[in-house]
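Note sheet for the following structure.
No experiment lies behind these values; they were computed from the predicted model shown.
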Amino acid sequence: MRLFIARHGQVLPAGQENSAFATSPDDPLLTDLGLQQAELLGEEMRRLQFTGRIISSPFSRTVMTAAQVAKVCGLSISLDPRFREIVQQEEGLEGFEGKTLSQLKAMFPEIRQSSLPYPWWTVPKNTMEEVIARVRPLIEECIEKNEDCLLVGHGASTHAAATILLGGKNAREMGDICRGDNLNCSLTEFSIENGVILPVRIYDTTHLLSHMLTSNQRPVEERNGKICIVI
């Protein structure tokens, strides 16, 4: 099987809204560039003849990304809260109201599932170790099903998935397999056969055009053959 992992596309800056859909400040939608990134991600998945499951975090930016891929590939998507965003500040999502399954289905008809726990988010701050702990069962379930799968998540959850599949190694230790930083719509791929997990690409962005490389609003540049976020 092939297990793919992708970060969502570029999101709207704080304070900006997409008039097409009502959303909260903590649940931003994609920019026009983010939609283009997601479409090119879909084109790459179609080129790879991907016909498997697409599983997304329930945040709007990830579902919007997954929906673009699903449209290009003629597939459906399902939502899994375990691949949700990390909360980096105490009570960081205090007062947050995520969308219900019916609201998300109205926005994204590509969703195919009958239930979603609500609320699907948590308010308190959590650590990367906690993100890894909640993502690990999802990874194990995907491997057990033994069918191609694409997980669409956030910087933290996609990094957690890569760390789990690398046996605890940091992606940056993987030399030429690792493209650099985990940018918007970067693609990670693992080949899994008879329990053997092999990395194929990590944080790859070669399916995107050079001017489309972003980490949300942060610019990027190429350093020593790798794409890196400018701090």
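- Listed by first and then second residue, the ring-ring contact (aromatic ring centres under 6.0 Å, His included) pairs that reach into residues 170-219 come to none, sequence neighbours excluded.
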Notebook entry, point to check: Under the side chain to side chain donor-acceptor pair (under 3.5 Å) criterion, do Ser60 and Lys99 qualify, and how do the steps go?
Noted result: CA-CA 8 Å; Ser60 296; Lys99 292 182 174 62; 3.1 Å; yes

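- Remark: the backbone N or O of Leu209 is not paired with any side-chain donor or acceptor of Gln37 at under 3.5 angstrom.
- Leu35 is listed as a side-chain neighbour of Gln68, based on a closest heavy-atom distance under 4.5 Å.
- Between the side chain of Trp121 and the main chain of Pro58, no donor-acceptor pair closer than 3.5 Å is present.
- Between Met212 and Leu33 there is a side-chain heavy-atom pair separated by less than 4.5 Å.
- Scanning for side chain to side chain donor-acceptor pair (under 3.5 Å) contacts around Thr62 gives Ser57, with sequence neighbours left out.
- Between the Lys105 side chain and the Thr100 main chain, no donor and acceptor come within less than 3.5 Å of each other.
- In this structure, the side chain of Ser215 does not engage the main chain of Arg218 through any donor-acceptor pair within 3.5 Å.
- Taking all atoms of both residues into account, the shortest heavy-atom contact from Gln10 to Asn216 is NE2-O, 2.9 Å.
- Looking at residues two or more places apart in sequence or on another chain, you find no side chain to side chain donor-acceptor pair (under 3.5 Å) involving Arg136.
- Checked by atom type and distance alone, the side chain of Asp27 never pairs as donor or acceptor with a backbone atom of Gly98 at under 3.5 Å.
- Alongside Leu198, the hydrophobic cluster contains Val196 (criterion: ILVMFWY side chains under 4.5 Å).
- Rounded to the nearest 0.5 Å, atoms CG (Asn184) and CD (Gln36) are 12.5 Å apart.
- Remark: His154 engages His8, Phe59 in a ring pair (Phe, Tyr, Trp, His ring centres under 6.0 Å) (not counting sequence neighbours).
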Donor-acceptor contacts, no H, no angles, side chain residues 142-153, under 3.5 Å, sequence neighbours left out:
from	atom 1	to	atom 2	distance (Å)
Asp148	OD1	Arg2	N	2.8
Asp148	OD2	Arg2	NE	3.0
Asp148	OD2	Arg2	NH2	2.9

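- Residue pairs meeting the salt bridge (Lys or Arg N to Asp or Glu O under 4.0 Å) criterion with at least one partner in residues 151-161, sequence neighbours excluded, do not occur; the list is empty.
- Partners of Ser186 according to the side chain to side chain donor-acceptor pair (under 3.5 Å) rule, which considers only residues two or more places apart in sequence or in another chain, are Asn182.
- Between atom CD1 of residue Ile177 and atom CD1 of residue Ile202 there is a gap of 6.0 Å, rounded to the nearest 0.5 Å.
- The two residues Arg112 and Ser78 make their nearest non-hydrogen contact at O-CB, 4.5 Å.
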Check: Passes side chain to side chain contact (heavy atoms under 4.5 Å, CB included), Val11 versus Thr31? Steps please.
Finding: CA-CA 5 Å; Val11 297; Thr31 62; 5.8 Å; no

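- The two atoms that bring Phe108 and Ala67 nearest to each other are CD2-CB, 3.9 Å, heavy atoms only.
- Of the possible polar contacts, none joining the Glu110 side chain to the Ile77 backbone as a donor-acceptor pair under 3.5 Å is found.
- In this structure, the separation between CE on Met45 and CG on Leu40 is 13.5 Å, given to the nearest 0.5 Å.
- Both Val135 and Ile132 are part of a single hydrophobic cluster, where members link through side-chain heavy atoms under 4.5 Å apart.
- Taken from CZ in Phe4 to OG1 in Thr158, the straight-line distance is 15.5 Å, to the nearest 0.5 Å.
- Rounding to the nearest 0.5 Å gives a distance of 6.5 Å between CG of Leu29 and CG of Leu12.
- Between Val220 and Leu183, the closest side-chain pair of non-hydrogen atoms falls below 4.5 Å.
- Note on Val69: it does not cluster hydrophobically with Val200, by side-chain heavy-atom contacts below 4.5 Å among ILVMFWY residues.
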Name the atoms and distances for all side-chain donor-acceptor pairs under 3.5 Å in residues 84-93, with sequence neighbours left out.
from	atom 1	to	atom 2	distance (Å)
Arg84	NH1	Pro81	O	3.1
Glu85	OE2	Arg61	NH2	3.4

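- Once rounded to the nearest 0.5 Å, the distance linking OG1 of Thr188 with CG of Leu3 reads 9.5 Å.
- Under the 3.5 Å distance criterion, the side-chain polar atoms of Thr65 are matched with a main-chain donor or acceptor of Gly9.
- Among all heavy-atom pairs drawn from Ala161 and Ile5, the shortest one is CB-CD1, 3.7 Å.
- Nearest heavy-atom pair, Leu48 versus Leu187, reported as atom, atom and distance to 0.1 Å: CD1-CD2, 4.3 Å.
- Sorted by first and then second residue, the salt bridge (Lys or Arg N to Asp or Glu O under 4.0 Å) pairs with a member in residues 62-81 read Asp80-Arg82; sequence neighbours excluded.
- Two different hydrophobic clusters hold Ile55 and Val72 under the rule that ILVMFWY side chains link at heavy-atom gaps under 4.5 Å.
- With sequence neighbours excluded, no residue forms a salt bridge (Lys or Arg N to Asp or Glu O under 4.0 Å) with Glu130.
- For the pair Ala66 and Ile54, the tightest heavy-atom approach, listed with the atom from each and the gap, is CB-CG2, 3.9 Å.
- Sorted by first and then second residue, the salt bridge (Lys or Arg N to Asp or Glu O under 4.0 Å) pairs involving residues 189-206 (not counting sequence neighbours) are Glu44-Arg201, Glu189-Arg201, Arg201-Asp204.
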